[in-house]
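Everything on this sheet refers to the single structure shown next.
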Amino acid sequence: MPQITLPDGSHRQFDQAVSIMDIAGDIGPGLARATLAGKVDGQLVDATYLIETDADVAIVTSRDEEALELLRHDAAHVMAQAVQELYPGTQVTIGPAIEEGFYYDFAREEPFTPEDLVEIEKRMLEIVKRDLPIEREVLDRETARKIFTDLGEHYKVEIIDQNIPEGDEISIYRQGDWFDICRGPHLPSTGKLGNGFKVMKVAGAYWRGDSRNEMLQRIYGTAWPDRKQLKAYLHRIEEAEKRDHRKLGRQLELFLLHEEAPGSVFWHPKGWTLFNLLINYMRKRQDEAGYVEVNTPDVMDRSLWETSGHWENYREHMFSTQTEDERVFALKPMNCPGSVLMFAQGLKSYRDLPLRMAELGKVHRYEPSGALHGLLRVRHFTQDDAHVYCTEEQMEQECIDVIALVLDIYKDFGFEDVVIKFSDRPQNRIGSDEIWDRLEGALINALDSMNLDYKSFPGEGAFYGPKLEFVLRDAIGRDWQCGTLQVDMNLPERFDISYVAEDGNRYRPVMLHRALFGSLERFFGILLEHYEGKFPLWLAPVQAVVMNITDKQAPYVEKVEKMLKNQGIRAQSDLRNEKVGFKIREHTLQRIPYMLVVGDREVEEESIAVRSLGGEDLGSMAVGQFVQMVRQ
RNA sequence: GCUCAUAUAGCUCAGUCGGUAGAGCACUUCCUUGGUAAGGAAGAGGUCAGGCGUUCGAAUCGCCUUAUGAGCACCA
């Protein structure tokens, strides 16, 4: 005789086992119609789920967060059914709900074409219209194996054999003639999916996410509770694409990407101005934080990379070069070995520690061609790198300082919530487990003492040490690692560096690798999308454009431009034979923060008429007054 | 690197059935001297990514290479 407790604390007594749907019906027929699933003691279940003992129950309707995930999972099933109806012989594999949608991976010889996707979507709508009840069935392992073997669904058989632990029940969900192995839960019927979905694109994906396996065809879709929300989502994507840094980079004449140098950046004057502003900013912050700056060679002998372990562990990503005399050099993929050589020169005392050595080094990595992506993934990039040499006792505090610094710096650019990832020892690594224990502990302790949340990524650390990564998100929701902090006792050992302690003995220092922007190229790209090209005044490559109305004012405009430049303002003049409206439009599209218009009146009054990028008329003012305003 | 797609003027893009290349913007020149998001006219601009093939004939069809895009794998 189950007693049901609802979320508002009220109780309902039933004299026999009841389903979620029964309970909803008991509360009201409207609710019953809206019921999609339920939650029993916090566990998401089907609407038909039978409750036999006392439980806390919540009815899930389309208003609940959880419903969206069910909806998307259903959409994946409906899509798989559509595909198998349209293209017999296609095998199904897995099809989960994901952020903003769903996908399903199929095994089929022939590739799906864009036209196929249209057909699939049509068939899905038809299946929704059929409003097939979605029913759960439990099978024993042998029956399940036989059914899927007979159907020729070899991937499903593999899932039964390898993914479902012996003893677990195997459930299938049936909608009409079609069914799939699935843990569930699902919506009551295909009709509940509605029409707020869209088949988006097809792409390859490896079976089990392993590049050694065969490639399947993954069809992505998006699904929402209704048509309106679908449209809103599609609109959001369109808007995000307008912010694409590759597009803005061309429009705003910031940089050039060229076929002759894949994965490499040509910086136009405006882009390079901004790039250098970022460097200036970083130099100032580092100087205040007690860093010194050095510079190391780009090309170094192979033996150095053998000592560091890169030759063995990182070779496939390295550009190497052979000279006439057959000596092999490598372009540095990282700055650390060069830094260690500098530390190793001369005797270091404990008094020198912590030694924070920064370097704006350009590193070269042969990235897989398919990974290249605008400024966000390139083969040659500038790191705001630093290596902190310290004692083991100092290590944790240094980590804390770095984390505090990086988060503070991101705030200056408006990045308030930053995801921190923690990656520990990878398979391919150097150094003993005992050392790795201490290094991983230091990072975790630093985070804990700062009360910072982080996500763990087991086995994803660098080959020489565990790392923290600071992740920012781009315009269309892709995450990009920017800053990083790695602790390392291995390179110091490989290069046998030491310092002299108070007791006169030599000890090995710990080394921290850290980058705050990470890659300046990537950070640039993310900023470009983040600000949609409307950089804050202090970063804008051109801060003000002075423009004349007729040729008569040209000499005065040039004078104003000169005055502004003398005051350290990045100003340009536009003396072209165009109407002022045309010039305003053009410089607005170029995201110039201030447009300064000069006509006869301004020449007369020795002033400028100031217009902001937002279209606001700030009135006429003297040049000095404008400079004052800009400086605030 | 893998799968699929794409590559035409500086940019954004048309180009039908295989018959020898087009628009808008930008650019140059001229006219216009106009007060806050596009004034007008004329002109120039192309090895249709590169290569090989099919064909009387290829931007168009096929194959290869390169680059780019989406995703996967890899990674700052």
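Residue numbering restarts at 1 for every chain, and letters A, B, ... go by the order of the sequence lines. FYI, side chains are in, hydrogens and waters are out, and symmetry mates aren't considered; it's all heavy atoms of this structure.
- Among the heavy atoms of the strands, none lies under 4.0 Å from A:Thr484.
- Between A:Arg218 and A:Tyr206, the closest side-chain pair of non-hydrogen atoms is not below 4.5 Å.
- Residue A:Tyr314 places none of its side-chain N or O atoms closer than 4.0 Å to OP1 or OP2 of B:C75.
- What separates CE of A:Met318 from P of B:C75 is a distance of 16 Å, to the nearest Å.
- Atoms CZ (A:Arg576) and C1' (B:A26) sit 11 Å apart, rounded to a whole Å.
- Side-chain contact between A:Leu520 and A:Gln383 is absent, with no heavy atoms from C-beta onward closer than 4.5 Å.
- When distances are taken from the side chain of A:Pro368 to each of B:G35, B:U68, B:G1, the shortest belongs to B:G1.
- Checking B:C75, B:G34, B:C72 against the side-chain heavy atoms of A:Glu367 singles out B:C75 as nearest.
- The residue A:Gly615 sits apart from the nucleic acid: no heavy atom pair falls under 4.0 Å.
- Residue A:Ile94 contributes atom CD1, which lies 17 Å from atom P of B:G71 at whole-angstrom precision.
- Between A:Trp305 and A:Met318 the shortest side-chain heavy-atom distance falls below 4.5 Å.
- Rounded to an integer number of Å, the gap from A:Leu257 CG to B:A7 P is 20 Å.
- Between A:Tyr233 and A:Trp224, the ring planes lie tilted relative to each other; the angle falls in the 30° to 60° range.
- For a distance-only test at 3.5 Å, the side chain of A:Arg377 qualifies as a donor-acceptor partner of the base of B:C74.
- Other residues, nucleotides and ligands place no more than 12 heavy atoms under 6.0 Å from the CD atom of A:Glu604.
- A donor-acceptor contact under 3.5 angstrom links the side-chain atoms of A:Asp551 to the base of B:U33.
- Candidate nucleotides B:A37, B:G1, B:U68 were compared by shortest atom distance to the side chain of A:Arg585, and B:A37 ranks first.
- Atom OH of A:Tyr220 and atom P of B:G71 are 7 Å apart (whole Å).
- With B:U36, B:G35, B:C75 as the choices, the nucleotide that has an atom nearest any side-chain atom of A:Ile584 turns out to be B:U36.
- Nucleic acid contact for A:Val378: base, since at least one base atom lies under 4.0 Å from a heavy atom of the residue.
- No contact: A:Phe523 has no heavy atom under 4.0 Å from any strand.
- Distances shown here put a side-chain N or O of A:Arg611 below 4.0 Å from the OP1 or OP2 atom of B:A37.
- Here A:Gly204 lies in heavy-atom contact (under 4.0 Å) with a base.
- A:Asn313 and A:Tyr464 form no side-chain donor-acceptor contact under 3.5 Å, judged by distance and modelled atom types alone.
- Checking B:U68, B:C27, B:A37 against the side-chain heavy atoms of A:Thr588 singles out B:A37 as nearest.
- A salt bridge links A:Arg377 to A:Glu367: at least one charged side-chain nitrogen sits closer than 4.0 Å to a carboxylate oxygen.
- Separating the CD atom of A:Glu241 from the C1' atom of B:G69 is a distance of 11 Å, rounded to the nearest angstrom.
- The base of B:G1 does not come close enough to the side chain of A:Tyr366 for any donor and acceptor atom to sit less than 3.5 Å apart.
- By the 4.5 Å heavy-atom criterion applied to side chains, A:Val363 and A:Leu331 are not counted as neighbours.
- Remark: A:Ser211 is not in phosphate contact with B:G1, judged by side-chain N or O atoms under 4.0 Å from OP1 or OP2.
- Checked for salt-bridge contact, A:Arg236 and A:Glu239 miss the test: no charged N lies under 4.0 Å from a carboxylate O.
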Please evaluate residues A:Phe413 and A:Tyr281 with respect to the criterion ring-ring contact (aromatic ring centres under 6.0 Å, His included), reporting the C-alpha separation (whole Å), side-chain torsions for both, the decisive distance (0.1 Å), and the verdict. CA-CA 11 Å; A:Phe413 297 91; A:Tyr281 168 85; 5.3 Å; yes

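- When distances run from any side-chain atom of A:Ile549 to the nucleotides B:G71, B:C27, B:G35, the shortest one goes to B:G35.
- Side-chain proximity of A:His317 to the nucleotides B:A67, B:A73, B:C74 is greatest for B:C74.
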Using atom names, set out every protein N or O paired with an N or O of nucleotides 8-14 of chain B below 3.5 Å, distance rounded to 0.1 Å.
residue : atom : partner  : partner atom : Å
B:U12   : OP1  : A:Arg250 : NH1          : 2.8

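- Between A:Val471 and A:Trp480 there is no side-chain heavy-atom pair separated by less than 4.5 Å.
- Comparing the same atom, P, in B:G40 and in B:A59 gives a spacing of 36 Å after rounding to whole Å.
- Using a 4.0 Å heavy-atom cutoff across all strands shown, A:Lys467 reaches sugar-phosphate atoms only and no base atom.
- Remark: A:Asn280 CG is packed, more than 12 non-hydrogen atoms of other residues, nucleotides or ligands lying under 6.0 Å away.
- A donor-acceptor contact under 3.5 angstrom links the side chains of A:Thr484 and A:Gln486, judged on distance only.
- As a whole-Å value, the separation of A:Asp105 CG from B:A73 P is 10 Å.
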Give the B/S/- string for nucleotides 39-48 of chain B, one per nucleotide from 5' to 3', where a protein heavy atom under 4.0 Å of the base yields B, of only the sugar-phosphate yields S, and otherwise -. S---------

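- Across all strands, A:Ala515 comes closer than 4.0 Å to no nucleic acid atom at all (heavy-atom distances).
- Distances shown here put a side-chain N or O of A:Arg246 below 4.0 Å from the OP1 or OP2 atom of B:A70.
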Secondary structure of RNA chain B in dot-bracket form (Watson-Crick or G-U wobble, distances below 3.5 Å, | marking inter-strand pairs): (((((((..((((.....[..)))).(((((.......))))).....(((((..]....))))))))))))....

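- Within the nucleic acid shown, A:Val597 comes within 4.0 Å of at least one base atom, counting heavy atoms only.
- Contact annotation for A:Gln553: no contact, since no heavy-atom pair falls under 4.0 Å across all strands.
- Taking 4.0 Å as the cut-off between side-chain N and carboxylate O, A:Arg208 and A:Asp210 do not count as a salt-bridged pair.
- Applying the salt bridge (Lys or Arg N to Asp or Glu O under 4.0 Å) test between A:Arg243 and each of A:Glu529, A:Glu238, A:Glu532 identifies A:Glu532 as the sole match.
- Contact annotation: A:His373 side-chain N/O to B:U68 OP1/OP2 distance is not under 4.0 Å.
- A gap of 28 Å separates the P atoms of B:A44 and B:A7, to the nearest Å.
- Rounded to an integer number of Å, the gap from A:Arg601 CZ to B:G34 P is 13 Å.
- Listed nucleotides B:U33, B:A70, B:A73 differ in distance to A:Lys201; the shortest reach to its side chain belongs to B:A70.
- Among the protein residues, A:Glu469 comes within range of the sugar-phosphate backbone only, with heavy atoms under 4.0 Å from sugar or phosphate atoms but none that close to a base.
- Across all strands, A:Gln481 comes closer than 4.0 Å only to sugar-phosphate atoms, never to a base (heavy-atom distances).
- Between B:A58 and B:C52, the distance separating the two P atoms is 13 Å to the nearest Å.
- As judged by a 4.0 angstrom heavy-atom cut-off over every strand, A:Asp617 is placed among residues making no nucleic acid contact.
- Residue A:Leu372 is in sugar-phosphate contact alone, with no base atom involved, counting any heavy-atom pair closer than 4.0 Å across all strands shown.
- B:G19 sits 7 Å from B:G57 when the C1' atoms are compared, rounded to a whole Å.
- Ring geometry, A:Trp267 versus A:Phe275: the interplanar angle falls from 30° to 60°, so the pair is classed tilted.
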